[in-house]
2 protein chains.
Amino acid sequence: MTNSQKQKKQESGKRELPPTAWAVLGLLSFPGERTGYELKKWADSSLRFFYWSPAISQIYAELRRLEELGYAASARSGPEEVRAKRRYAITEAGREALAGWAGGTADAGPPVLKHGLLLRVWLGHLAEPERLRAMVDEHLERTRGELAAVREALAEAGEVPEWAFPALALRWSERQHLAELELGEALRTDLAALDGPAGVARQADGDAPTPG
Amino acid sequence: MTNSQKQKKQESGKRELPPTAWAVLGLLSFPGERTGYELKKWADSSLRFFYWSPAISQIYAELRRLEELGYAASARSGPEEVRAKRRYAITEAGREALAGWAGGTADAGPPVLKHGLLLRVWLGHLAEPERLRAMVDEHLERTRGELAAVREALAEAGEVPEWAFPALALRWSERQHLAELELGEALRTDLAALDGPAGVARQADGDAPTPG
DNA sequence: TTGCCCATGTAATTTGTTACATGATTTA
DNA sequence: TAAATCATGTAACAAATTACATGGGCAA
């Protein structure tokens, strides 16, 4: 390990919360009390588009941790019921901690993309050209569906003045999906150019230089 | 659990490999033998931009699994050394399995994006407007750096005809970063529009708060 | 001779998923 | 009254990271 990397280590005893915890707390930072189930559904129609879509079990786990930390508080509906419906709300401590995380000077870090189609394009020498083209077309179709979902969410959020920032993020996401569509079209063109005129080498073997 | 979700369950005994295993095998699918260390460096200058950047320990673990499955084979340099340098190559079985995965009819699934800046924008009500603007600017600066890195990788791959598909993916990534830059600029504009007219009125300006 | 890069690996821990179990309420 | 949705949770496991340990080769 290099020295510069060493300097990135944590010295503090209290360990940092993972992004998921902050995201859950972030959902809670908007007015109202809600259940874990509701949080999950909400995330799937908002944060999913640019950040995160966790398993429901993960939401419940994070809510328990947040409550332990005093960042969230819950009230069950039935008095002494086992596993009763539980509505969560953010606490003052939670709001402060979240504001420190979201509005602090710490770097948000680079966006991380995991694009399965692109990995397959990168590995294009292993697939039939027509199969590759079909994958791109499927991707375009799905992206159109996603764009529609973003716009649906935007139609809801766009009305309410309290949702101004979420609407902003969704607007970004709308543009991002439009760009993804253009990227897909360009990819299809590039793919055709590779396959069509010159008929570039699709053979797997034969020697070649090592990368790097 | 709904019925439609139930149908997605696996019935097969042999469990599917995670994407990381296929990505490592994918790196190995290009001619030449290489060490885990080299694989990591290569991934960080290629797949990182659109798919994946694993911990080095994860690479070593996957290589061991791949060898156990008979998908990869290794040869150590020193004869009986402990922990000697180990160069890996893909096997025929590995190539077949990979081709089945990458070129098969299975859906690549939707791309997943984790954009820390956007989460913070979504949570904009918790931060100072100027801090938010600074974050966007930092993001633009970093994206410019990433774009330069993509182009550097492209300059290397673009020459060799064997790297035609990797070059295609990198070309996609170049365009994607250009789009990300435009998205960031638009976000800055939207942010200013949100902050400007509703905030303190500047008497000299009057109206027309949207900058070019 | 210090420090960086190359190179491989183990251990501990955390994060996150899938599968399972349970039951209430709502809708067709 | 059957099915879907709402709602919470546990258990097992898989994936992945961080920290640590080790040591060779090379260059300022």
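In what follows, every chain begins at residue 1, and chains take the letters A, B, ... in the order their sequences are listed. For clarity, every value in this text was computed on a predicted model and none was experimentally measured.
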Worksheet item: Across the strands shown, which category fits R65(A) at heavy-atom distances under 4.0 angstrom: base, sugar-phosphate, nothing?
Response: sugar-phosphate
In whole Å, I'd like the distance from the [atom1] atom of [X] to the [atom2] atom of [N].
{"X": "E62(B)", "N": "dA16(D)", "atom1": "CD", "atom2": "C1'", "result": "10 Å"}
{"X": "I59(A)", "N": "dT18(C)", "atom1": "CD1", "atom2": "C1'", "result": "16 Å"}
{"X": "Q58(A)", "N": "dT18(C)", "atom1": "CD", "atom2": "P", "result": "11 Å"}
{"X": "K114(B)", "N": "dA16(D)", "atom1": "NZ", "atom2": "P", "result": "12 Å"}

Fill in: Reported CD-to-CG distance for the pair E130(A) and D137(A), which is rounded to 0.5 angstrom
12.0 Å
Practice prompt. Starting at OG of S74(B), measure out to CG of L63(B) and round the result to the nearest 0.5 Å.
Written response: 8.5 Å
Are [X] and [N] close enough that a side-chain N or O sits under 4.0 Å from OP1 or OP2?
{"X": "S57(A)", "N": "dT8(D)", "value": "no"}
{"X": "R64(B)", "N": "dT10(C)", "value": "yes"}
{"X": "R86(A)", "N": "dG9(D)", "value": "yes"}
{"X": "T35(B)", "N": "dT8(C)", "value": "yes"}
{"X": "Y60(B)", "N": "dG9(C)", "value": "no"}
{"X": "K40(B)", "N": "dT8(C)", "value": "no"}

Worksheet item: Do H125(B) and E162(A) have side-chain N/O donor and acceptor atoms under 3.5 Å apart?
Response: no
Worksheet item: Do you see a donor-acceptor pair shorter than 3.5 Å between the side chains of T20(B) and E62(B)?
Response: no
Worksheet item: Starting at the 5' end of DNA chain C, which residue's closest nucleotide do you reach first, R87(B) or S53(A)?
Response: R87(B)
Worksheet entry | Name of the residue among W172(B), Y51(B), W52(B), F49(B) meeting ring pair (Phe, Tyr, Trp, His ring centres under 6.0 Å) with H115(A) | W172(B)
Practice prompt. Spell out protein contact along nucleotides 23-28 of chain C as letters: B when the base is contacted, S when just the sugar-phosphate is, - when no protein heavy atom is under 4.0 Å; keep the 5' to 3' order.
Written response: ------
Worksheet item: Among dT8(D), dA16(D), dG16(C), which is the nearest nucleotide to the side chain of K85(A)?
Response: dT8(D)
Worksheet, complete the sentence: Per atom distances to the Y37(B) side chain, the nearest of dA15(D), dC6(D), dC6(C) is dC6(C)
Discussion item. Could you report the tightest heavy-atom contact between G104(B) and R131(A), atom names first, then the distance?
Written reply: O-NE, 2.7 Å
Worksheet item: Which atom names give the shortest non-hydrogen contact between L132(A) and G124(A), and what distance separates them?
Response: CD2-CA, 3.8 Å
